[in-house]
Protein chains: 2
Amino acid sequence: MARPLRHNGRTLRHTSQRDAIRDAFTAAGRPLGPREALELARKRVPALGVATVYRAINQWVEAGWLVPVLLPGEPARYEQAGKHHHHHFRCRRCGGVFEVEGCPAGLRKMVPRGFKLESHDLVLAGLCAQCA
Amino acid sequence: MARPLRHNGRTLRHTSQRDAIRDAFTAAGRPLGPREALELARKRVPALGVATVYRAINQWVEAGWLVPVLLPGEPARYEQAGKHHHHHFRCRRCGGVFEVEGCPAGLRKMVPRGFKLESHDLVLAGLCAQCA
DNA sequence: ATAGATGCAAAGGGTTTGCACTTGA
DNA sequence: TCAAGTGCAAACCCTTTGCATCTAT
């Protein structure tokens with residue numbers, strides 16, 4: 001049988017609140033902030049507290065099940081790890097964040113000589129299909 | 001003679017504290033966070049309060065004299081406007097932030113149909129020449 | 001039984017705001 | 001004069017932490 005997720009050597013337990021939070025992330029299909037995750041999970045566990053959400057998220061990040069999605073100027077969002085490389089598009093009207101496929105070309109050309117490019121982060125912005 | 005900067009139709013006045021804050025930005029030659037600007041300006045105006053710095057920065061941003069430099073996962077920094085379009089490279093070893101010239105190609109190809117692309121934000125990461 | 005999880009409330013950063021007072025034009 | 005700016009403290013938002021309690025294993 002499968003080994004449970006671990007965090008600093010501790011076993012991560014299964015509880016109704018964590019189930020609800022986890023399902024919020026798997027069902028969302030888009031990066032969620034702690035607040036959003038809290039509100040979604042509260043539909044199932046109304047008494048859920050903020051701290052629990054933050055603790056769960058932080059453990060899952062360290063355990064490698066979630067990855068932070070950091071958009072410039074905004075608090076962190078999180079999404080399931082293991083997706084293939086992608087970037088994000090932020091709608092300036094509704095604030096929604098969407099995944100976009102592909103990658104820009106010519107990144108290496110931009111790197112100053114002597115620098116070593118290891119990763120990149122791209123955020124497109126404008127209007128989503130709903131708001132356009 | 002030159003028209004003074006304006007903000008929402010109000011004239012922006014000249015005071016010793018604002019002079020000190022402004023000079024911190026012009027002298028720095030790199031993006032400053034509010035805290036850094038405060039500390040630099042306090043060398044000249046020791047009694048300077050945080051609120052004054054935030055109010056000055058926000059007015060200058062709206063007046064177009066400063067632009068925010070937003071790096072993913074970090075509080076906003078600000079720099080003088082008017083620089084030519086550029087992006088940033090952040091060194092994961094020394095934490096330094098560098099400007100890089102140019103722009104990636106093929107951004108429009110990444111935009112989902114129906115979406116309207118208005119701007120983009122790119123952060124390269126890796127090792128700078130010093131740390132490589 | 002007991003390590004791990006929870007909720008609450010307090011505490012910490014960063015940023016904004018209300019208010020009475022000061023100051024530049 | 002008097003609108004704009006200032007300092008202080010309180011208020012906010014987001015996130016973390018201490019603690020007593022609860023619960024999965």
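In the text below, chain A, chain B and the rest are named by the order of the sequence lines, each starting its count at 1.
- In this structure, B:E74 atom CD and C:dG14 atom C1' are separated by 14 Å, rounded to whole Å.
- Distances shown here put a side-chain N or O of B:T15 below 4.0 Å from the OP1 or OP2 atom of D:dT6.
- With sequence neighbours excluded, no residue forms a side chain to side chain donor-acceptor pair (under 3.5 Å) with B:Q80.
- Of the residues in residues 16-24 of chain A, A:Q17, A:R18 come within less than 4.0 Å of DNA chain C through at least one heavy atom, sorted by number.
- Not counting sequence neighbours, the partners of B:E118 by the side chain to side chain donor-acceptor pair (under 3.5 Å) test are A:R92.
- As a whole-Å value, the separation of A:N58 CG from C:dG4 P is 17 Å.
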As a quick check of understanding, evaluate side chain to side chain contact (heavy atoms under 4.5 Å, CB included) for B:T52 and B:T15, giving each step before the final call.
CA-CA 11 Å; B:T52 299; B:T15 67; over 6 Å; no
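- In this structure, the helix from C:dA1-D:dT25 to C:dA25-D:dT1 shows an angle of 20° between the axis at its start and the axis at its end, each fitted on 5 base pairs and rounded to 10°.
- Sorted by first and then second residue, the salt bridge (charged side-chain N to carboxylate O under 4.0 Å, His left out) pairs with a member in residues 42-57 of chain A read A:D23-A:R44; sequence neighbours excluded.
- In terms of the side chain to side chain donor-acceptor pair (under 3.5 Å) criterion, A:Q130 has no residue partners (sequence neighbours excluded).
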Quick one, B:E74 with B:R90, criterion side chain to side chain contact (heavy atoms under 4.5 Å, CB included). Give me CA distance, side-chain angles, the key distance, then yes/no.
CA-CA 12 Å; B:E74 306 196 7; B:R90 178 170 36 188; 2.5 Å; yes
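- Among residues two or more places apart in sequence or in another chain, the side chain to side chain donor-acceptor pair (under 3.5 Å) test is passed with A:Q17 by none.
- For residues 26-35 of chain B, the salt bridge (charged side-chain N to carboxylate O under 4.0 Å, His left out) pairs, not counting sequence neighbours, are B:R30-B:E36, B:R35-B:E39.
- Considering only residues two or more places apart in sequence or on other chains, B:L70 meets the side-chain contact (heavy atoms from CB on, under 4.5 Å) condition with A:P72, B:P68, B:A76.
- Here ring pair (Phe, Tyr, Trp, His ring centres under 6.0 Å) pairs that include residues 113-132 of chain A, with residues two or more places apart or in two chains, are A:H85-A:H120, A:H87-A:H120, A:F115-B:F89, A:F115-B:F98.
- Applying a 4.0 Å cut-off to non-hydrogen atoms, the residues of residues 35-57 of chain A that approach DNA chain C are A:A47, A:L48, A:G49, A:A51, A:T52, A:R55, listed by residue number.
- A salt bridge (charged side-chain N to carboxylate O under 4.0 Å, His left out) check over residues 98-115 of chain B, counting only residues at least two apart or in different chains, returns the pairs B:K83-B:E99.
- OP1 or OP2 of C:dA5 has at least one side-chain nitrogen or oxygen of A:Q59 nearer than 4.0 Å.
- Protein atom CZ of B:R13 is 5 Å distant from nucleotide atom C1' of C:dG24, rounded to whole Å.
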